[in-house]
Protein chains: 2
Amino acid sequence: MTTAVNSWIDRFQGLSTLENHIKEILLNRSTIVSVPANTVIFGPGKAPENLLLLLSGSVRVQQLSEAGREIILYRVHAGESCVLTTACLLAYEDYSAEGIAETDVQAAAIPRMVFDDLIAQSEKFRRFVFSAYSKRITDLFLVIEEIAFQRMDMRLAQKLLELAGSGNRVATTHQQMAAELGTAREVISRQLREFQRREWVTQSRGAVEIINRKGLEVLASSDG
Amino acid sequence: MTTAVNSWIDRFQGLSTLENHIKEILLNRSTIVSVPANTVIFGPGKAPENLLLLLSGSVRVQQLSEAGREIILYRVHAGESCVLTTACLLAYEDYSAEGIAETDVQAAAIPRMVFDDLIAQSEKFRRFVFSAYSKRITDLFLVIEEIAFQRMDMRLAQKLLELAGSGNRVATTHQQMAAELGTAREVISRQLREFQRREWVTQSRGAVEIINRKGLEVLASSDG
DNA sequence: AAAAGTTTGGTGACTTCGTCACTGAAGCTA
DNA sequence: TAGCTTCAGTGACGAAGTCACCAAACTTTT
């Protein structure tokens with residue numbers, strides 16, 4: 001029997017303090033899966049059978065409208081869980097959201113029944129799950145607020161900074177940025193042209209280079 | 001000891017099949033509360049201490065933006081639960097959503113600890129809770145899609161029909177309708193004027209009267 | 001009952017955003 | 001190198017959001 005130390009479990013804030021016997025259940029009854037980039041992990045007609053705890057990579061959860069437009073709802077990163085999915089698979093399976101591996105992904109997959117077991121047995125695991133829900137839901141509230149009330153130029157500046165991270169290059173097409181923000185490609189093109197005119201960015205096919213971070217930051221944080 | 005039959009529990013789809021001893025815990029450790037209309041049930045700085053199961057009335061959950069604008073996220077009706085709230089109170093308490101009693105409300109209030117107990121003890125209760133989550137979350141996805149992609153005239157027609165129910169009168173101000181749809185009052189005023197011109201509705205101060213349901217229905221269901 | 005205040009709705013001018021139809025340029029493929 | 005596909009640019013226009021202001025309808029006060 002393993003001692004359940006130094007396992008992937010400890011990479012998850014909120015799981016590392018689990019009781020040892022719970023950790024063992026988690027370790028013994030979950031499997032580590034590897035998923036190549038761009039795999040559809042769940043979606044309409046493809047209900048997820050497992051709760052995924054991401055060890056590396058990221059998963060993009062997006063919604064497709066009937067008219068073929070799409071919007072990105074949130075991302076799941078390493079150290080986080082696809083927990084909303086779990087709820088959704090229990091009932092309303094007919095929603096149109098889908099989860100896609102954005103990079104190669106490694107994850108611990110917990111079967112539905114084991115998940116149920118853990119929820120029943122461990123107060124700490126329950127807390128972990130409901131905390132994850134909480135974060136996702138507040139994220140969704142934020143998305144709604146941004147779509148409804150914020151200006152596109154501000155949202156685009158924020159998204160560019162977010163996607164650039166510590167670097168300066170954002171490798172993405174205008175079309176993809178449009179999906180990020182739930183708008184049309186032309187709108188992105190025009191905004192980026194304006195950013196370029198202000199010498200905040202330079203553009204090349206399939207990429208945006210940030211050359212004046214400050215400018216974007218000022219716009220991004222100008223509340224209103 | 002009660003037999004736990006004919007109680008409020010049976011009004012909830014998903015709870016009526018609970019084991020009897022679970023029903024008894026639910027009955028004995030929850031309290032029936034009455035809340036007058038317009039009470040703020042939870043909100044920023046007022047975390048809910050209980051899971052509410054609505055017996056009568058309805059609760060409106062809305063988000064306030066910094067600029068003072070608001071948007072209605074969803075409603076909780078009799079026979080449903082304020083379950084999202086429960087998750088949120090566990091962690092991220094700093095979200096800006098608030099729940100308001102739209103009418104006088106009667107509800108069964110389950111303290112947080114009892115909720116945790118029930119989750120641990122009953123598979124059926126877990127299913128009830130996660131199903132409720134599922135419904136709310138898919139509702140939120142729908143809200144996002146509508147805000148991002150649907151035309152205002154269509155959304156307004158849908159909302160009018162929804163609020164009218166089986167009647168023909170919607171007692172609401174333009175400002176309130178704007179909050180329903182996350183837009184500005186002027187937009188609502190202009191759309192309603194157009195509906196009036198088409199002789200689908202008549203207006204009076206604080207109310208809209210539907211006089212041609214068909215017209216609204218056609219617009220509401222014209223996808224695209 | 002008249003005056004004053006508040007809430008609700010109306011409107012024009014303007015900006016921003018989304019849509020449509022089309023163009024051209026860049027990169028890939030055969 | 002010719003042809004295809006993807007990506008980006010653009011003008012024209014319609015839809016939606018913003019701003020500033022006005023007017024009408026209810027409420028409260030005197």
Side-chain angles (χ1 to χ4, degrees), chain A residues 38 65-71 143-160 169-198 201-209 219-220 222-224, chain B residues 38 65-71 143-160 169-198 201-209 219-220 222-224:
Chain A
N38 298 316
S65 84
E66 293 177 10
R69 287 182 58 182
E70 60 184 273
I71 184 167
V143 168
I144 291 176
E145 182 172 325
E146 282 173 357
I147 295 176
F149 301 131
Q150 306 244 283
R151 294 177 50 91
M152 273 306 314
D153 52 359
M154 186 174 162
R155 294 176 60 209
L156 179 57
Q158 286 171 348
K159 189 56 77 172
L160 280 174
R169 188 181 174 77
V170 180
T172 176
T173 67
H174 293 189
Q175 183 59 64
Q176 282 174 305
M177 287 301 294
E180 292 279 345
L181 300 174
T183 183
R185 178 190 58 80
E186 295 93 320
V187 175
I188 300 295
S189 294
R190 284 196 272 261
Q191 292 292 350
L192 283 177
R193 173 161 29 108
E194 176 61 20
F195 287 0
Q196 194 169 33
R197 196 190 63 74
R198 296 188 197 171
V201 303
T202 58
Q203 295 189 67
S204 52
R205 189 183 170 89
V208 176
E209 198 86 29
L219 176 58
S222 66
D223 32 314
Chain B
N38 299 315
S65 85
E66 293 179 8
R69 287 183 59 181
E70 60 185 272
I71 183 167
V143 168
I144 290 176
E145 183 171 325
E146 282 174 355
I147 295 176
F149 302 131
Q150 307 244 282
R151 292 176 51 93
M152 272 307 314
D153 52 359
M154 186 175 162
R155 294 176 59 209
L156 179 57
Q158 285 171 349
K159 189 56 77 173
L160 281 174
R169 189 181 173 78
V170 180
T172 176
T173 67
H174 293 189
Q175 184 59 64
Q176 283 174 305
M177 286 301 295
E180 292 279 345
L181 300 174
T183 182
R185 177 189 59 78
E186 295 93 319
V187 175
I188 299 295
S189 294
R190 284 196 270 262
Q191 292 291 351
L192 283 177
R193 174 163 25 111
E194 176 61 19
F195 287 180
Q196 194 170 33
R197 196 189 63 75
R198 296 188 199 172
V201 303
T202 58
Q203 295 188 69
S204 53
R205 189 184 170 90
V208 176
E209 197 87 27
L219 176 58
S222 65
D223 30 314

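Sequence lines set the chain letters: A, B, ... in the order given, protein chains first and strands last, and positions in each chain run from 1.
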**OP:** Treat primed atoms plus P, OP1 and OP2 as sugar-phosphate and everything else as base, then score nucleotides 10-17 of chain C 5' to 3': B for base contact with protein heavy atoms under 4.0 Å, S for sugar-phosphate contact only, - for none.
**Re:** BBBB--SS
Subject >> Those residues that, when tested against B/Glu209, pass side-chain hydrogen bond (donor to acceptor under 3.5 Å, both in side chains) (two or more places apart) >> reply: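 Checked B/Glu209 against side-chain hydrogen bond (donor to acceptor under 3.5 Å, both in side chains); matches are B/Arg169.
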Subject >> Qualifying residues under side-chain hydrogen bond (donor to acceptor under 3.5 Å, both in side chains), relative to B/Thr172, sequence neighbours excluded >> reply: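 Partners of B/Thr172 by the side-chain hydrogen bond (donor to acceptor under 3.5 Å, both in side chains) criterion, ordered by chain and then number, come out as B/Gln176.
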With side chains defined as the heavy atoms from C-beta onward, is the minimum distance between [X] and [Y] less than 4.5 Å?
X        : Y        : value
B/Gln203 : B/Leu192 : yes
B/Lys159 : B/Val170 : no
A/Phe195 : A/Val208 : no
B/Glu194 : B/Arg198 : yes

Could you pull out every donor-acceptor pair under 3.5 Å between side chains of residues 184-191 of chain A and any protein atom, sequence neighbours left out?
residue: A/Ser189; atom: OG; partner: A/His174; partner atom: ND1; Å: 2.9
residue: A/Ser189; atom: OG; partner: A/Arg185; partner atom: O; Å: 3.3

Atom [atom1] of [X] to atom [atom2] of [N]: distance rounded to whole Å?
X        : N      : atom1 : atom2 : answer
A/Gln175 : C/dT19 : CD    : P     : 12 Å
A/Met154 : D/dT18 : CE    : P     : 13 Å
B/Phe149 : C/dT19 : CZ    : P     : 9 Å
B/Gln176 : C/dT7  : CD    : P     : 13 Å
A/Met177 : D/dT6  : CE    : P     : 21 Å

Original post:
How long is the span from the OG1 atom in B/Thr183 to the CE atom in B/Met177, to the nearest 0.5 Å?
Top reply: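 With rounding to 0.5 Å, OG1 (B/Thr183) is 11.0 Å from CE (B/Met177).
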Original post:
How many angstroms lie between CD in A/Glu146 and CE in A/Met152, if you round to the nearest 0.5 Å?
Top reply: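 Reported value, rounded in 0.5 Å steps: 10.5 Å.
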**OP:** Please report the C-alpha distance between B/Leu219 and B/Leu156 in whole Å, then the side-chain angles of each, then the deciding distance to 0.1 Å, and finally whether the side chain to side chain contact (heavy atoms under 4.5 Å, CB included) criterion is met.
**Re:** CA-CA 10 Å; B/Leu219 176 58; B/Leu156 179 57; over 6 Å; no
**OP:** Assign each of A/Ala148 and A/Ala207 to its nearest nucleotide of DNA chain D by heavy atoms, then name whichever residue's nucleotide is nearer the 5' end.
**Re:**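 Counting from the 5' end, the first nearest nucleotide belongs to A/Ala207.
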Give me, pair by pair, the N or O atoms of the protein and of nucleotides 1-4 of chain D that are less than 3.5 Å apart, along with how far apart they are.
none

**OP:** Note down the inter-axis angle between the two ends of the helix from C/dA1-D/dT30 to C/dA30-D/dT1, five pairs each, to the nearest 10°.
**Re:**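 About 30°, once rounded to a multiple of 10°.
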Original post:
Any donor-acceptor pair under 3.5 Å linking the side chain of B/Arg155 with the backbone of B/Leu181?
Top reply: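 Checked: pair present.
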Original post:
Is any side-chain N or O of B/Arg69 closer than 4.0 Å to OP1 or OP2 of D/dG17?
Top reply: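 Answer is no, no contact under 4.0 Å.
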